[in-house]
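Chain A is the first sequence line, chain B the second, and so forth, proteins listed ahead of strands; every chain is numbered from 1. Just the heavy atoms: all of them, side chains too, but no hydrogens, waters or symmetry mates, feed the values below.
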Amino acid sequence: MEGSASPHRGERTSYTVIRTPMRLTNYFIPTLKEIPTDAQMPSHQLMMRAGMIRPLSAGIYSLLPLGYRVWKKVMAVIREEMDAIGGMEFHLPALNPIEIWEETGRVEAFGDTMFHLKNRDYVLAPTHEEIMTSIARASIKSYKDMPQIWYQIQTKFRNEPRPKSGVIRGRQFTMKDAYSLDATREGLDESYRKHHEAYCRIYARCGLTFFVVGASSGAMGGSGSEEFMVESDAGEDLCAFNLESGYAANIEVASSKLPALERGADNPAAEKFATPTAKSIDDLVAQHGIAEERCAKSLVYFADEKPYLIFMCGNDQLNEAKLQGALGAANVRPARDEELAGLTGADAGSIGPINLKSSLPQIADLRIAHANGMVSGANENGFHYRNIDLDRDANIGVYHDLRIVAEGEPDPLGGRPLSVKKAIEVGHIFKLGTKYSQAMKANFLDEKGEEHPIIMGSYGIGVERVVACHIEQRHDADGIVWHPSIAPFHVQITSLKIESDIVRDAAEALYAALEAAKVETLFDDRAGVSPGFKFKDADLLGMPLNVIVGEKHLKDGNVEIKVRSTGERRIVPQAEAVQVCLALLDSLRS
RNA sequence: CGGAGCGUAGCGCAGCCCGGUAGCGCACUACCUUGGGGUGGUAGGGGUCGCGGGUUCAAAUCCCGCCGCUCCGACCA
């Protein structure tokens, strides 16, 4: 080029090829031999020990290179499946003006859970319904513009009162959230169905054993919703299900087919009796020989700051989510002790339908619908009434299913016994309807030129929960057992006594061959590290295959391939190692 | 936000009750050794004892306040 004017003056005419060497001598994987005290769950302990994450503050973690590789793989699976149902990926601001959240009333709804900036009226987005809706409002004007599926995979911020379980409940986390926009209810049903199927494929591909339960829509609003759950003792949700009938529901909405009480033919007048030391249902049963189910437990709750008297059967637990739904309230809370006396005339334990100090709207559980012969408090400390006929002596407007179901109760489909298990929510899909489009006036014109709010769905996946649940389900005493789909690397090469030229040459050749075959390989090329140490690290990191290169088998021209999940070991000729790895990985994927 | 516990070297911990030289294991550095399941040895480096105040001749240790982290509970779109 000397002497001629370069057409690319000022630009680089050559560039450096950077080939990241995935060698343990260079790669940053700070493994820990000991379990950090702060980590309780296996997934948390192993992510720390395998050098995937490090804590920065409560519920806030740095992703180290090995961990981030896994995150990116989970996100890649999600992207593929979202794109396959016609989703389009967005990148949205995490920093939001507070005004947009005021449009839907969610500044109040989120309350302290939303992070607010101190020096400007911005909030850190805990989710993105408002932002997506604002984009739709500006641009989706006709039924012809829909359906749309919009999604993003980004960091969300929630001021969790109590972060816990490692990355499972953090203050900052990665979430894929998708929003569907439809012109009709049928369109929403179809968008929802597509997401349901995509989610099943995503979790299956990530190697998770999961189940789907009917769920409450909570403060998100809307009609139908389902959660994708992974069973775990560390789970924060309870699910009731029966594997035979296929019934599965979050405890918040689960129901059972427990029969209602029968009405007795004999129906004498209600009679007051002294119960000086009976403060609970159990006391009444023990001290007065009353059948537990004949007790009408009375509770006072405030729904949107309006008091209600609630009757439950015996020791049945009130399900606050159901109460909220039955009353159509935004918030419910139990009455405080000092409020009880003012409203009823008695303290907790002596409240009932007769002689109430003030008139309260009443609501009762279906199990005691129209029952008679009941015992309940007299609204006077130390006294109860027996022979109460709820139709005659109470003023119950409506009966609703208000109970929390319990293990063993008959399921609502076939009457088979329900199991109740703890589970971690890894995804949640909602038919939002028009809650946000109405509030934000995101309207479109239909074929007739009539204006309607866009019909929306909302669909979330917690990325760190997928990773954590994967480890919860796939680990043993030695470490993680990655499924090839999201393993940070497919193969780890363990070189034993790499100081020996024979081992060094064989391991280097194998590494090059695996890389050439596009097998993601982590090469333990550390010198001066004992065999046991390398084996322990390999098991801890948990790559699906471990190729062991040592003098023992090299004498015969062989290497050893160990399958992490089964412990199976194969001695194969060096020249065949790559092909065997590919075949084994293939079989592990299915 | 209620209850409990913890904060001492990168990690795991002892020392604190009973005030007086800051210690152990692992990790790290150098050398030797070993070489198929966290080798063995020798010699080293590394600490505002979470922060602030108080008591005392003297505080990791006793007292007060604050902060951080973890667990149980409340809460959890």
Peer 1: Under 3.5 Å, is there any donor-acceptor pair linking the side chain of R169(A) to the base of rC76(B)?
Peer 2: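 Yes, the side chain and the base share a sub-3.5 Å donor-acceptor pair.
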Peer 1: Could you measure between the two P atoms, the one in rC62(B) and the one in rG15(B), and give it in whole Å?
Peer 2: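 It comes out at 12 Å once rounded to the nearest Å.
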Peer 1: Under a plain distance cut-off of 3.5 Å, with no hydrogens placed, do E464(A) and Y61(A) share a side-chain donor-acceptor pair?
Peer 2: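 Checked: Y61(A)/E464(A) side chains show no N/O donor-acceptor pair below 3.5 Å.
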Peer 1: Do S495(A) and D525(A) get their side chains close enough for a donor-acceptor pair, meaning under 3.5 Å?
Peer 2: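 There is no such pair between these side chains.
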Peer 1: Quantified in whole Å, what is the C1' atom distance between nucleotide rA22(B) and nucleotide rG37(B)?
Peer 2: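 One C1' to the other, the span is 37 Å.
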Peer 1: Do nucleotides 31-41 of chain B as a string where each nucleotide becomes B, S or -: B if the base has a protein heavy atom under 4.0 Å, S if just the sugar-phosphate does, - if no protein is that close.
Peer 2: ----BBBBS--
Peer 1: Using the six-membered ring wherever Trp is involved, compare the ring planes of Y459(A) and Y199(A) and label them parallel, tilted or perpendicular (cut-offs 30° and 60°).
Peer 2: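 Correct class here is perpendicular.
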Peer 1: For L95(A), does the CG atom sit with more than 12 other heavy atoms under 6.0 Å from it, leaving out its own atoms?
Peer 2: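 Yes.
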Peer 1: Any idea how F115(A) and F157(A) line up, ring-wise: parallel (<30°), tilted (30 to 60°), or perpendicular (>60°)?
Peer 2: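 Taking F157(A) first and then F115(A), their aromatic rings stand perpendicular (interplane angle over 60°).
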Peer 1: Just to confirm, is there a sub-4.0 Å distance from OP1 or OP2 of rC6(B) to any side-chain nitrogen or oxygen of T37(A)?
Peer 2: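 Answer no for this pair, as no side-chain N or O of T37(A) is under 4.0 Å from OP1 or OP2.
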Peer 1: Out of rC76(B), rU70(B), rG12(B), which nucleotide sits closest to the side chain of E236(A)?
Peer 2: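 Closest of the options to the side chain of E236(A): rC76(B).
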Peer 1: Expressed in whole Å, how much space separates the C1' atoms belonging to rU8(B) and rG68(B)?
Peer 2: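 One C1' to the other, the span is 15 Å.
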Peer 1: Classify the ring geometry of F211(A) against F241(A): parallel below 30°, tilted from 30° to 60°, perpendicular beyond 60°.
Peer 2: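 Tilted, since the angle between the ring planes falls between 30° and 60°.
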Peer 1: Please state the C1' separation for the pair rU61(B) and rC1(B) - nearest whole angstrom.
Peer 2: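 Rounded to whole Å, the distance is 33 Å.
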Peer 1: Is a side-chain N or O of R69(A) found less than 3.5 angstrom from the main chain of P488(A), in a donor-acceptor match?
Peer 2: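 At least one qualifying donor-acceptor pair exists.
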Peer 1: Provide the distance between the two P atoms, one in rG5(B) and one in rA9(B), to the nearest whole Å.
Peer 2: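 Here rG5(B) and rA9(B) have their P atoms 22 Å from each other.
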Peer 1: For atom C1', what is the distance between rA60(B) and rG41(B), given to the nearest Å?
Peer 2: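 Looking at atom C1' only, rA60(B) and rG41(B) are 34 Å apart.
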Peer 1: Determine whether a donor-acceptor pair (one donor, one acceptor, N or O, separation below 3.5 Å) exists between the side chain of E34(A) and the base of rG25(B).
Peer 2: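 For E34(A), whose side chain was compared with the base of rG25(B), there is a donor-acceptor pair (under 3.5 Å).
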Peer 1: Rounding to an integer number of angstrom, what distance separates rC64(B) and rC28(B) when you compare their P atoms?
Peer 2: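 So the two P atoms sit 42 Å from each other.
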